Amino acid sequence: MSFTALARRGLEVGTGAALTLSALGVPAGWPFIGRMYVHQYDPQSFFDGAETWLKVHDDATATRLNVQALVAEVAETSWRSEDGRAFQRRMDAYLADLRGIEIRAVVTALTLYTVGAALAAFILFQFLVAAAMAAVAAWVLLAAVTPLSLAGARVLATQCLLKLYEGYRATESLLDALLHGCAAALTATVAVDVGAEAARGDRGGLNDLAAATFAQGPMLIWGTANRVERDLTAHGLGGRFPGEGLWKGSRAGSPLPPGLPQLAGAKAVNDISTGTQTVTDRYVPEQATDGSYTFPWE
């Protein structure tokens, strides 16, 4: 079973447990569902990306070694003129650029491997949490044979779920910190390289970065809208107005209007079954052959 399927299965098990617990008078399982909906990942895509960057490193290394061999042959001919020195300076700069590519490729590959491994570990952890919820639901269901035992089971189940949710959010915070750290590492790698070139008076890297960012503009806008849709759906599944983060407002923590949680639930079922966001995935920007994305007016 792939990690993507395991993440989906964890959400299904958790949702079933939350429904059972809610029917038995224990609503403490619902906060898990919105968070589990958010954490639907495909770690394999990060592993594949890392492999691609390792190939980039190998190609850059092979190119650098070939160029070094050619430059060494030219140097042996005692090309001592001004043209020879200018040629050597250009080759040294070119070789330095290739070394920079090798370093960036390795850092990027290691970062992608780290992200993929972290997401895979969290998916496994999330599935275990869902299994624990199912076990609690089964225990409460067995205790429902008598009203007295059910009352005590409700109290204990609520306490267990609150502790479990506390641990779940703590692990979620660790994952978030790790992902932000990986993003910072990639940003720093590019910033150092472009900054070093700019300090030497070469603005080519800076111009390329600006052009590449603009070319990815439609995807950046779409990605932001896609995340907004995902977060709003997750908050809808929770049944309450957001109590933290960007969406926190004056009604934080209060129940959503009737019908919205049910609508969010129906949408989440469609999202998980199709593997897409219901609204924004209809408007994914088209990618050109050069890797850029087209703006609506193009």
Side-chain angles (χ1 to χ4, degrees), residues 1-6 41-77 79 84-124 175 178-220 223 284-293:
M1 179 184 292
S2 68
F3 282 106
T4 303
L6 185 63
Y41 303 118
D42 179 17
Q44 187 59 48
S45 63
F46 290 91
F47 296 142
D48 293 342
E51 290 291 336
T52 299
W53 277 102
L54 287 180
K55 292 178 182 177
V56 170
H57 167 268
D58 294 341
D59 291 343
T61 301
T63 300
R64 178 174 58 81
L65 294 176
N66 290 335
V67 171
Q68 281 181 332
L70 293 173
V71 172
E73 292 179 4
V74 173
E76 290 178 359
T77 62
W79 189 9
R85 288 189 290 272
F87 170 79
Q88 188 64 51
R89 287 194 297 270
R90 287 184 177 276
M91 288 298 99
D92 288 343
Y94 179 61
L95 291 172
D97 289 340
L98 289 175
R99 291 191 190 93
I101 293 174
E102 293 175 49
I103 294 172
R104 289 197 302 274
V106 170
V107 171
T108 303
L110 290 176
T111 302
L112 291 177
Y113 273 128
T114 301
V115 171
L119 295 181
F122 189 85
I123 288 172
L124 179 58
L175 175 67
L178 176 62
L179 296 182
H180 279 84
C182 289
L186 291 179
T187 302
T189 302
V190 175
V192 168
D193 187 62
V194 172
E197 290 184 0
R200 295 194 299 265
D202 183 2
R203 297 179 59 86
L206 187 60
N207 293 336
D208 289 343
L209 178 61
T213 302
F214 181 78
Q216 299 296 311
M219 179 54 70
L220 295 175
V284 180
E286 294 184 7
Q287 188 175 29
T289 55
D290 62 354
S292 64
Y293 292 87

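Because the structure is predicted, anything quoted here is derived from the model rather than measured. The chain is numbered in sequence order, starting from 1. FYI, side chains are in, hydrogens and waters are out, and symmetry mates aren't considered; it's all heavy atoms of this structure.
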Inset, instruction - Check the pair I101 / V56 against side-chain contact (heavy atoms from CB on, under 4.5 Å), numbers first and verdict last. - result: CA-CA 8 Å; I101 293 174; V56 170; 4.2 Å; yes
Mind checking what makes side-chain contact (heavy atoms from CB on, under 4.5 Å) contact with [X], not counting sequence neighbours?
X    : value
D42  : T4, Q44, S45
L179 : V115, L119, L175
L178 : T114, A118, C182
A211 : none

Legend entry - For D59, all residues meeting side-chain hydrogen bond (donor to acceptor under 3.5 Å, both in side chains), sequence neighbours excluded: none
Legend entry - side-chain hydrogen bond (donor to acceptor under 3.5 Å, both in side chains) partners of E51, counting only residues at least two apart: Y113
Could you give the distance from [atom1] ([X]) to [atom2] ([Y]), rounded to the nearest 0.5 Å?
X    : Y    : atom1 : atom2 : result
N66  : L98  : CG    : CG    : 10.5 Å
Q68  : D92  : CD    : CG    : 9.5 Å
Q216 : Y293 : CD    : OH    : 5.5 Å

Legend entry - Audit row: V67, Y94, side-chain contact (heavy atoms from CB on, under 4.5 Å) steps and yes/no: CA-CA 9 Å; V67 171; Y94 179 61; 3.8 Å; yes
Legend entry - Pairs involving residues 94-121, ordered by first then second residue, that meet salt bridge (Lys or Arg N to Asp or Glu O under 4.0 Å) (sequence neighbours left out): R64-E102, R104-D193
Ignoring hydrogens, what is the shortest heavy-atom contact between [X] and [Y]? Give both atom names and the distance.
X    : Y    : result
G116 : P43  : O-CB, 3.5 Å
A109 : W53  : CB-CB, 4.0 Å
P285 : P218 : CG-O, 3.6 Å

Inset, instruction - Kindly check if the number of other-residue, nucleotide or ligand heavy atoms within 6.0 Å of CZ (F3) is above 12? - result: no
Legend entry - Non-neighbouring partners of F122 that pass ring-ring contact (aromatic ring centres under 6.0 Å, His included), sequence neighbours left out: H39, F125, Y168
Inset, instruction - Please step through side-chain contact (heavy atoms from CB on, under 4.5 Å) for the pair L186 and V190, ending with a clear verdict. - result: CA-CA 6 Å; L186 291 179; V190 175; 5.9 Å; no
